[in-house]
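Throughout, a chain's letter reflects where its sequence line sits, starting with A, and its residues are numbered from 1.
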There are 2 protein chains.
Amino acid sequence: MAAPDEGQSLEESTVSPGLGRFKRASRGYRGHVSRETRSRRAPTLEDVAARAGVSRATASRVVNEDPRVRPRAREAVAAAVAELGYRPNRAARSLVTREADSIAVVVPEAEDRVFGDPFFAAMLGGITQALADSPAQVLLAMGRRGQGAEKIEKYLRGGYTDGAIVVSHHRDDRIGEVLRETQLPAVYVGRPAGEPRLPFVDVDNHAGGRLAAEHLIAQGRRRLATIAGPQDMTPGADRLAGWRKGLAEAGISTDPQDGLMHELVEVGDFTAPPAGRRCSVCWLSARSSTGSSPPPT
Amino acid sequence: MAAPDEGQSLEESTVSPGLGRFKRASRGYRGHVSRETRSRRAPTLEDVAARAGVSRATASRVVNEDPRVRPRAREAVAAAVAELGYRPNRAARSLVTREADSIAVVVPEAEDRVFGDPFFAAMLGGITQALADSPAQVLLAMGRRGQGAEKIEKYLRGGYTDGAIVVSHHRDDRIGEVLRETQLPAVYVGRPAGEPRLPFVDVDNHAGGRLAAEHLIAQGRRRLATIAGPQDMTPGADRLAGWRKGLAEAGISTDPQDGLMHELVEVGDFTAPPAGRRCSVCWLSARSSTGSSPPPT
DNA sequence: CTGTTAGCGCATTCAG
DNA sequence: CTGAATGCGCTAACAG
């Protein structure tokens with residue numbers, strides 16, 4: 001399990017036939033239009049420096065907004081940059097700074113799931129919004145089990161990114177492990193399962209579940225059912241726990257022995273279809289099985 | 001319009017306060033866990049070479065699957081790679097090869113739109129699928145007008161990518177211009193408007209629209225209405241053109257003068273809501289205006 | 001087949 | 001404040 005991983009790494013890091021084709025096409029196309037535009041080589045810091053009559057170091061300083069540059073020099077460099085259309089070479093910069101200048105949004109879910117659930121749209125929107133005026137790039141990496149999971153891992157390990165935001169973490173994905181090994185700074189959206197030391201943002205899921213139970217109970221309901229979220233995700237598990245807590249505190253038993261055929265809980269996956277499907281099976285059967293209620297408060 | 005662009009380039013390419021904060025957080029976190037794991041510096045090709053008892057060049061060759069390496073040496077290097085857990089430094093490689101090893105999927109649409117429309121999910125899925133065993137990374141860049149459009153442009157110009165796949169191109173986005181200037185290899189999904197030389201894949205939209213008209217006409221329908229796609233996208237425009245051609249060939253006039261209050265065409269945006277909304281306005285008013293039919297075939 | 005030699009473009013000490 | 005020098009890690013000729 002460890003050795004094959006390394007072997008795979010090696011292969012993946014090399015040029016495959018697939019990329020070969022891509023490259024050829026790339027060259028061909030590039031060549032096709034290259035006659036129409038000028039500039040064979042992109043201007044470098046060296047060019048800028050020469051044009052501004054300063055050294056590379058000084059040019060670098062103004063590009064990076066280092067304060068210790070005389071206004072005169074600063075202006076000269078700025079002008080040169082504008083005239084030459086200079087853009088720093090990211091690879092070169094990255095090589096020396098050891099930073100990729102990008103942050104990955106990791107979603108361990110199948111692609112169609114990510115695109116189908118409005119939750120992710122909102123989350124992505126918020127994240128990109130927040131990073132709108134940051135120079136850092138936002139990269140979306142998604143996939144689950146075969147369908148992109150190893151791609152994510154490769155991405156995280158490949159040094160493509162400076163940090164990660166993990167959005168829909170499941171207990172069984174290896175994201176946490178990868179993050180720990182690569183020592184990548186990361187934050188989870190939703191408390192991570194089995195990764196106690198990692199920072200995260202989340203709502204109080206437990207309180208939410210409990211609140212739901214209390215609300216229904218306050219309305220006089222006594223036979224309460226819930227469609228829970230996936231139990232391999234802490235939000236799903238925490239909410240269910242809160243729900244049960246709420247029932248228990250109200251003295252409503254969830255014990256199958258206690259007159260109910262079984263606890264009125266079905267586990268969904270945060271999507272609508274399964275909820276509807278399960279309902280018709282579980283609730284009906286439960287409803288038709290016994291009418292007895294648990295003891296009052 | 002040109003000068004400000006350059007000025008903007010400079011600013012964007014430099015470290016802003018935003019990234020500054022990100023960096024600090026990054027360092028802090030990294031430092032926090034750095035005591036728990038070994039390896040201060042990632043192994044380099046140099047290390048691998050030394051360990052395998054060969055030169056850096058040879059090590060590089062086997063990593064890149066260059067055939068001209070003796071099996072013995074190859075194995076030695078492979079072993080060293082595995083033992084050291086070597087992973088090529090992308091920045092360094094990129095610096096010399098001048099390739100980013102990634103391809104961008106550009107979607108000039110608002111994020112919520114992209115995540116809401118199943119079309120994009122399918123498209124993205126297909127693309128990543130096709131590139132699954134390619135070493136190239138797939139990056140998703142989306143946004144339209146303010147909400148990410150300039151981010152896309154910056155991305156394309158930043159040398160982050162080797163090529164682009166443009167998915168939902170509108171006539172007014174600047175993608176084509178950027179692509180031309182950067183000479184990035186690109187392919188459009190859907191014939192690009194105003195960019196005749198760029199390669200694309202598409203269905204025969206014109207024939208589709210015509211087919212629809214012919215089908216309805218064959219069924220004996222005579223007052224035909226259509227909800228067209230956005231007219232600033234060639235698929236939308238082409239389909240409508242085909243539709244009109246179909247009507248014309250059947251001798252069905254679309255001329256308002258010809259007894260109809262106006263042509264029964266409403267322009268939507270490839271989503272369901274506008275279609276429903278417009279229908280109730282247009283169709284009803286058209287229906288109540290005149291009952292006369294165009295001349296028969 | 002393999003090692004040696006050069007840079008790729010940039011940030012960064014370290015002296016002035 | 002500024003410039004000269006150094007090296008990040010890697011690929012690509014160019015000789016052996």
### Closest contact, heavy atoms only, A:Asp101 versus B:Tyr160
OD2-OH, 4.4 Å

### Query
Between C:dA11, C:dT5, D:dT2, which one does the side chain of A:Arg70 approach most closely?
D:dT2

### Message
If you compare every side-chain N and O of B:Ser60 against the phosphate oxygens of D:dA12 (OP1, OP2), does one of them come in below 4.0 Å?
### Response
no

### Message
Would you say that A:Arg144 contacts A:His170 through its side chain, given a criterion of any heavy-atom pair below 4.5 Å between the two side chains?
### Response
yes

### Task
Look at the side chain of A:Val54 and decide which nucleotide, out of C:dA11, D:dG3, D:dC10, has an atom nearest to it.
D:dG3

### Task
Whole angstrom is fine here: how far is it from CD in B:Glu65 over to C1' in D:dT11?
16 Å

### Message
Counting the atoms with a prime plus P, OP1 and OP2 as sugar-phosphate, which does B:Ala73 contact under 4.0 Å by heavy atoms, base, sugar-phosphate, or nothing?
### Response
sugar-phosphate

### Query
Would you say the side chain of B:Arg61 and the base of C:dG3 hold a donor-acceptor pair, judged only by whether the two atoms sit under 3.5 Å apart?
yes

### Query
So, is B:Thr97 close to the D:dT11 phosphate, meaning a side-chain N or O under 4.0 Å from OP1 or OP2?
no

### Query
Given atom CG of B:Asn89 and atom C1' of D:dG9, what is their separation to the nearest angstrom?
5 Å

### Task
To the nearest Å, give me how far apart CZ (B:Arg56) and P (D:dA12) are.
13 Å

### Message
Just the rounded figure in Å: distance from C1' of C:dG7 to CZ of B:Arg98.
### Response
11 Å

### Query
Of all heavy-atom pairs between B:Ala73 and B:Thr58, which one has the smallest distance, and what is that distance?
CB-CG2, 4.4 Å

### Message
Could you tell me how far apart A:Glu99 (CD) and D:dC8 (C1') are, to the nearest whole angstrom?
### Response
14 Å

### Query
Which listed nucleotide (D:dG3, C:dG9, C:dC8) is nearest to the side chain of B:Val96?
C:dC8

### Task
Using a cut-off of strictly less than 4.0 Å, decide whether A:Arg68 has a side-chain nitrogen or oxygen near OP1 or OP2 of D:dC1.
no

### Query
What's the CD-C1' distance between A:Glu46 and D:dG3, to the nearest Å?
12 Å

### Summary
Taken to the nearest whole Å, CG/B:Leu95 to C1'/D:dC8 is 9 Å

### Query
For A:Arg90 and B:Ala57, take the nucleotide of DNA chain C holding the closest heavy atom to each; which residue's nucleotide lies nearer the 5' end?
B:Ala57

### Task
Check if the side chain of B:Arg74 and the base of C:dT2 share a donor-acceptor pair of N or O atoms closer than 3.5 Å.
no

### Task
Please state whether the phosphate of D:dT2, meaning OP1 or OP2, lies under 4.0 angstrom from any side-chain nitrogen or oxygen of A:Ser55.
no

### Message
I want to check one thing: is the phosphate of C:dC10, taken as OP1 and OP2, less than 4.0 Å away from some side-chain N or O of A:Ser94?
### Response
no

### Separation of C:dC10 C1' from B:Arg93 CZ (nearest whole Å)
20 Å

#### Entry: Minimal non-hydrogen separation, A:Val77 against A:Val54, with atom names
CG2-CG2, 3.8 Å

### Message
Just checking B:Arg171: does its CZ atom have more than 12 heavy atoms from other residues, nucleotides or ligands closer to it than 6.0 angstrom?
### Response
no

